[in-house]
Amino acid sequence: MPATVIVGCQWGDEGKGKIVDYLSGRMDWVARYSGGPNAGHTVKLGGEIFVLHLIPSGILRPGIRCVIGNGVVLDIDHLLEEINSLEKRGVGVLGRVFLSGAAHIIFPYHRWVEELQRQDVRVGTTRRGIGPAYQDKMGRNGIRLLELLDRRWLRERLDGELARVETLHAAYGRPMPQSRQEARETWSRHFSSVAAFLEPMIADTVTLLQDALDRGERVLCEGSQGTFLDIDLGTYPFVTSAPTTAGGAATGLGLAPRQLAKVIGIAKAYTTRVGNGPMPTEFAPALADRFRRQAGEFGATTGRPRRCGWLDLVLLRHAVRVNGIQEVCLTKLDVLRGFRSLKIATAYRRGRRTLRTPPLDAREWNDCRPVYRSMKGWSEPVTGARAWKELPAAARDYVEGIEESIGAPIRILSLGPGRESTFPMPKVRSTGKGIAARRR
Ligand code: IMP
């Protein structure tokens with residue numbers, strides 16, 4: 001049985017958690033393949049809200065088993081808190097979550113280095129040590145989860161890594177927040193005892209998932225962040241340090257590319273971004289402020305106000321192509337209610353050139369002016385709609401206007417935070433060149 005991948009089509013926060021939860025009813029496994037506690041996946045269940053940072057949202061469906069793959073960077077204190085909090089709220093975690101022994105660990109010194117290098121200020125990171133942890137992984141200095149199980153070995157490894165961190169602090173002319181000796185002793189004790197608690201969950205998750213696929217079980221690969229935060233394909237250098245696109249599911253979980261049979265892209269009906277970097281369709285400050293409050297656009301991880309703007313089809317088309325997205329799920333359409341007219345960017349103008357694909361160089365983005373198509377707005381609330389035909393005509397036109405130019409059909413609509421607000425779209429009646437999406 002092949003695997004399905006969920007990816008974000010924009011700069012993250014598209015509502016992936018909610019859609020993973022919705023789709024996981026049909027799955028046996030949900031596996032996270034990259035990123036770390038920088039992600040924040042919010043799911044509303046009944047009256048309760050769950051915000052998950054590391055454990056896949058599939059955990060909220062009884063019977064689903066979850067994997068945190070080798071591509072993830074783990075803050076194990078954070079993981080422990082998340083496990084405890086879920087268990088306290090009646091969500092069984094033990095025996096259902098498997099952690100790759102090859103996942104790299106985020107240590108407190110990764111946060112020190114992030115601050116030292118001012119990545120938090122330059123890029124506007126989540127300050128969770130993500131970049132420096134991936135830096136160490138790629139530089140072959142990282143410490144992996146399985147190494148925590150041997151305290152003496154860990155102490156030696158920490159001593160070596162802390163020596164490097166000490167040199168770095170000296171180069172920046174800054175004191176270490178804690179001495180090398182003290183950090184080595186406290187952390188080797190602390191991290192090895194947390195790892196001992198987690199030991200029953202530590203596994204060879206590659207073999208676990210491969211065996212599951214051999215048995216015909218269904219695996220959902222949960223992406224974190226969004227396509228344009230991808231270290232290779234995003235708006236570099238204003239990106240995260242990991243692959244966020246569909247290809248990352250192969251290396252981050254040990255699945256072969258041909259096992260990733262279906263890719264579902266999640267796109268918000270408008271655009272948001274947290275942190276620094278280009279965003280051509282960003283609203284002017286007054287509109288951004290009003291919209292943000294109406295839409296509740298504040299970061300799930302850091303609480304930071306998200307930047308908000310019109311939907312950008314240049315991004316969506318590119319995301320569909322580089323991820324191989326076959327189906328799109330459109331979220332938060334309900335939030336667009338109340339505009340007399342809505343804008344959608346169909347291309348960028350840069351000087352005298354019209355661009356239909358995103359520029360490679362971050363500096364070029366700053367000169368890109370969106371070319372907008374205007375769409376009629378709607379004033380009726382759509383949150384209560386449970387089917388396509390219950391939407392106002394203008395909302396349906398908006399959805400079909402998007403669908404016509406992104407190269408993939410919109411198959412799922414989500415109109416609110418609860419499970420009941422997400423529903424499948426009727427199949428398109430005719431498909432001609434592109435997607436002729438008339439459903440009426
Ligand atoms: P880092 O991943 O903490 O290194 O942050 C790098 C960039 O990615 C910053 O602009 C963050 O705001 C952004 N980022 C990281 N995780 C998320 C997320 O889950 N949603 C939205 N933006 C994110």
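As the structure lists them, so they are numbered: ligands from 1, and atoms in each ligand from 1.
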Short list, please: which atoms of ligand 1 are under 4.0 Å from a heavy atom of [X]?
| X | answer |
| --- | --- |
| Trp11 | 21 (C), 22 (N) |
| Gly124 | 9 (C), 10 (O), 11 (C), 12 (O) |
| Arg304 | 11 (C), 12 (O) |
| Leu229 | 8 (O), 13 (C), 14 (N), 22 (N), 23 (C) |
| Ala39 | 19 (O) |
| Gly275 | 10 (O), 12 (O) |

Of the protein's non-hydrogen atoms, which lies at the shortest distance from [atom], and what is that distance?
| atom | result |
| --- | --- |
| atom 5 (O) of ligand 1 | Thr125 CA, 3.3 Å |
| atom 10 (O) of ligand 1 | Val274 O, 3.1 Å |
| atom 21 (C) of ligand 1 | Asp13 OD2, 3.0 Å |
| atom 6 (C) of ligand 1 | Val239 O, 3.4 Å |
| atom 2 (O) of ligand 1 | Thr240 OG1, 2.6 Å |

Original post:
Could you walk me through whether Tyr270 and Thr331 pass the side-chain contact (heavy atoms from CB on, under 4.5 Å) check?
Top reply: CA-CA 9 Å; Tyr270 47 93; Thr331 62; over 6 Å; no
**OP:** Specify the closest pair of heavy atoms between Leu311 and Thr271, including all atoms of both residues, with the distance to one decimal.
**Re:** CA-OG1, 3.5 Å
**OP:** Consider ligand 1: state whether an atom of it lies below 4.0 angstrom from any non-hydrogen atom of Phe238.
**Re:** no
Original post:
Measuring from the heavy atoms of Gln225, does anything fall under 4.0 Å of ligand 1?
Top reply: yes
Subject >> ligand 1 N/O within reach of Thr126 N/O, cut-off under 3.5 Å >> reply: yes
Original post:
Would one find an N or O of Asn38, backbone or side chain, under 3.5 Å from an N or O of ligand 1?
Top reply: yes
Original post:
Only one of Thr354, Thr357, Asp312 forms a side-chain hydrogen bond (donor to acceptor under 3.5 Å, both in side chains) with Tyr348, so which one is it?
Top reply: Asp312
**OP:** Can you spot which of Lys268, Arg292, Arg273, Arg304 makes a salt bridge (Lys or Arg N to Asp or Glu O under 4.0 Å) with Glu297?
**Re:** Lys268
**OP:** Taking the six-membered ring of Phe50 (Phe, Tyr or Trp), confirm whether the NZ or CZ of Arg89 is under 6.0 Å from its centre and within 45° of its axis.
**Re:** yes
**OP:** Tell me yes or no: between the side chains of Asp230 and Tyr236, is some donor less than 3.5 Å from an acceptor?
**Re:** no
Subject >> Under 3.5 Å side-chain donor-acceptor pair for Thr227 and Asn323 >> reply: yes
Original post:
Going through the distances and angles, do Leu198 and Leu80 end up as a side-chain contact (heavy atoms from CB on, under 4.5 Å)?
Top reply: CA-CA 8 Å; Leu198 296 175; Leu80 205 59; 4.2 Å; yes
Subject >> Carboxylate-amine/guanidinium proximity below 4.0 Å for Asp367 and Arg349 >> reply: no
**OP:** List the steps and the verdict of side-chain contact (heavy atoms from CB on, under 4.5 Å) for Ile264 and Ile325.
**Re:** CA-CA 6 Å; Ile264 302 178; Ile325 290 169; over 6 Å; no
